[in-house]
Amino acid sequence: MLLTSSQPLAHVYDLAMLDLDGVVYVGPDAVQGAAEHVGRARDAGMRVAFITNNASRPPDAVAEHLTALGVKAAPDDVVTSAQAAARVLRDRFGAGARILCLGADGLRAALDEAGLVPLGVAGGEAGEDGGAGDDGADAVASGYGPDLRWGDLMRVAVRIRDGLPWVASNTDHTIPTPYGVAPGHGVLVDMLSRFTGVTPEVAGKPSRPLLDETIRRVGGSRPLMVGDRLDTDIEGARNAGIDSLLVLTGVTGLAELVAAGPALRPTYLSPDLAGLTTAHPAPAGDGERWVLGGWAGSVRDGRLQIEPTEPTEPDEADWWRVAAATAWHHLDTTGAVVDIAGLRVPGRERPAR
Ligand SMILES: [Mg+2]
């Protein structure tokens, strides 16, 4: 169930951990209003960290991209799954451990920064020999890398199968690209797991290490996770015992929201990052009808209905809260996902799928 916050979230939480794609930017472009909303949250006293499961770009490249979009960011404000993977490896194997690196520059830089020794796969760029198994590696780190070579992958697969410990930066199955949604590092993890029979330790969302690493680096005692994706951002926050804000500027639309089981439900929801500096009322319901801010939600013959109860123009955020509360109650009591076909979503031109 959604929680109520009578105070703006920026007053209740002292650290906002913002997912990037679908929250601050979509591909190369900023989400409308993101720079302004982040600025307001900072003015209200909130620290802001930018976190990403993408292990290929180092923090300074991400900070540069954000700054170019008008969102002020220093490299220290950015935490990547590569850094979280490096922390996991350093905690386990100690400074100076030799780590076989299957990924891009961002992963290699993070291992280096953590005091580990990144090794190229034998025969690759930094390889010192032509064989597999004699480089003295303590573990393998893997992450998204568009230029990975099949030959390197084969060597690493054999090492993992033979028992070398393995930490993966993330398991996202998709990655947005200018030419469409493409396979992410999770697809490679699946393939290696299938061959080796080994499941890696994962650093990125929805696992804990990335969120723990962010709090360690950026500080803050009352963190709030902010994301657009239920099965990484929101589930990750739940796994870490952290409250979460879902924004609707990315991959989650009405269809995903109404079908979300309890483990995937955010603490708060807002159409966009403006929700960082507003209070969050929650709908009140009697099991039949859920009401908030001039909207009433109910389910008739399995269909979600949301109707205005007042002649004044009601708030768009409250519409979404009523939709979520009504649909989740229905899901929990009947086991059925509400039908949303044809429902008009305020602020969006087309009816829901
Ligand atoms: Mg995202």
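Heavy atoms only: backbone and side chains are in, while hydrogens, waters and symmetry mates are out. Start at 1 and go down the list; that is how both ligands and their atoms are numbered. Worth saying up front: this structure is predicted, and the values here are computed from it rather than measured.
Sorted by first and then second residue, the pairs that involve residues 198-218 and meet salt bridge (Lys or Arg N to Asp or Glu O under 4.0 Å), not counting sequence neighbours, are Asp19-Lys205, Arg87-Glu213, Arg92-Glu201, Glu113-Arg217, Lys205-Asp233, Arg208-Asp212, Glu213-Arg216, Glu213-Arg217.
Remark: Asp315 pairs with no residue by the side-chain hydrogen bond (donor to acceptor under 3.5 Å, both in side chains) rule, at least two apart or across chains.
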### Query
Arg108 and Asp105: salt bridge (Lys or Arg N to Asp or Glu O under 4.0 Å), yes or no, with the steps?
CA-CA 5 Å; Arg108 208 163 293 124; Asp105 286 350; 3.2 Å; yes

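For the side chain to side chain donor-acceptor pair (under 3.5 Å) criterion with Asn53, the lone passing option out of Asp21, Asp172, Asn170 is Asp172.
Within the sub-2.8 Å shell of the Mg ion (ligand 1), the protein contributes these N/O/S atoms: Asp19 OD2, Asp21 O, Asp228 OD1.
Counting Ile, Leu, Val, Met, Phe, Trp and Tyr side chains that sit under 4.5 Å apart, directly or through other members, Met17 shares a hydrophobic cluster with Leu15, Ile51, Val79, Leu210, Leu211, Ile215, Val218, Met225, Ile242.
Taking all atoms of both residues into account, the shortest heavy-atom contact from Ala137 to Leu119 is CB-CD1, 3.8 Å.
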